[in-house]
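What follows is a set of notes on a single structure, which appears directly below.
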Amino acid sequence: NKDSINKIKENFLSTDAITFSSPSGVHVFMSNFEKEVLDKITVASIGHVTERTLKEYGISSIMPKEATLNSMIEMLEEELYKWNLIDTVD
């Protein structure tokens with residue numbers, strides 16, 4: 001819905017990372033946003049098919065070793081810690 005998209009756009013500048021777990025999620029996102037909004041954000045994908053869909057849009061992503069939510073969270077914690085965007089990794 002347009003209100004939700006507008007709220008996301010308003011808050012996007014304070015976003016450190018975004019995750020995609022399906023090709024359809026990538027397509028819906030890209031139908032509402034320009035690729036450039038992801039330039040300064042960590043983009044993560046679960047699964048090779050989702051990663052390939054992001055690449056089709058010219059977007060690089062990181063991918064956890066396992067296609068699980070826990071693995072995604074651990075990977076993002078490490079990545080955001082590396083870039084000093086969070087203080088600790090538990």
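Just the heavy atoms: all of them, side chains too, but no hydrogens, waters or symmetry mates, feed the values below. Values in this document were obtained by computation on a predicted structure and should not be read as measured data. Throughout, numbering of the chain's residues begins at 1 and tracks the sequence.
- Salt bridge annotation for Glu10-Lys7: absent, with no cationic side-chain nitrogen under 4.0 angstrom from a carboxylate oxygen.
- Closest approach of Ser71 and Pro64 over heavy atoms only: OG-CB, 3.3 Å.
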Worked check of side-chain contact (heavy atoms from CB on, under 4.5 Å) between Ile73 and Leu69: CA-CA 6 Å; Ile73 290 169; Leu69 182 58; 3.9 Å; yes

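- Separation of atoms CD1 (Ile5) and CZ (Phe33) is listed at 5.0 Å; rounding is to 0.5 Å.
- Taking 4.5 Å as the limit, every side-chain heavy atom of Thr42 sits out of range of all side-chain heavy atoms of Ile18.
- At a cut-off of 3.5 Å, with distance as the only test, a side-chain donor of Ser61 or Ser45 sits close to an acceptor on the other residue.
- Around the CD atom of Glu34, the shell of radius 6.0 Å holds no more than 12 heavy atoms that belong to other residues, nucleotides or ligands.
- When atom types are taken as modelled, the side chain of Lys40 and the backbone of Thr15 share no donor-acceptor pair closer than 3.5 angstrom.
- Of all heavy-atom pairs spanning Val43 and Ser60, the tightest one is CB-O, 3.6 Å.
- The NZ atom of Lys2 lies 10.0 Å from the CG atom of Asn32; values are rounded to the nearest 0.5 Å.
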Test log, rule side-chain contact (heavy atoms from CB on, under 4.5 Å), inputs Arg52 and Val49: CA-CA 5 Å; Arg52 185 171 46 249; Val49 176; 3.6 Å; yes

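- In plain terms, the two heavy atoms of Met63 and His48 that are nearest each other are CE-CE1, 3.1 Å.
- For Ile46 against Ala67, the heavy-atom pair with the smallest separation is CG2-CB, 3.6 Å.
- Distance check: Thr19 OG1 to Met75 CE gives 8.5 Å after rounding to the nearest 0.5 Å.
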Test log, rule side-chain contact (heavy atoms from CB on, under 4.5 Å), inputs Tyr57 and His27: CA-CA 9 Å; Tyr57 284 100; His27 294 305; 2.8 Å; yes

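- Under the 4.5 Å side-chain contact rule for hydrophobic residues, Ile62 and Val26 do not share a cluster.
- For Val37 against Phe29, the heavy-atom pair with the smallest separation is CG2-CZ, 4.0 Å.
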side-chain contact (heavy atoms from CB on, under 4.5 Å) assessment of Thr68 paired with Met72: CA-CA 6 Å; Thr68 66; Met72 173 76 83; over 6 Å; no

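- Proximity of Ile59 to Phe20: side-chain heavy atoms (C-beta onward) are nowhere separated by under 4.5 Å.
- Of all non-hydrogen atoms in Phe12 and Ile41, the two that sit nearest each other are CE2-CD1, 2.9 Å.
- Glu51 has its side chain within reach of Lys55: a pair of non-hydrogen atoms, C-beta onward, lies under 4.5 Å apart.
- For the atom pair Glu66 CD and Glu74 CD, the distance stands at 8.5 Å (nearest 0.5 Å).
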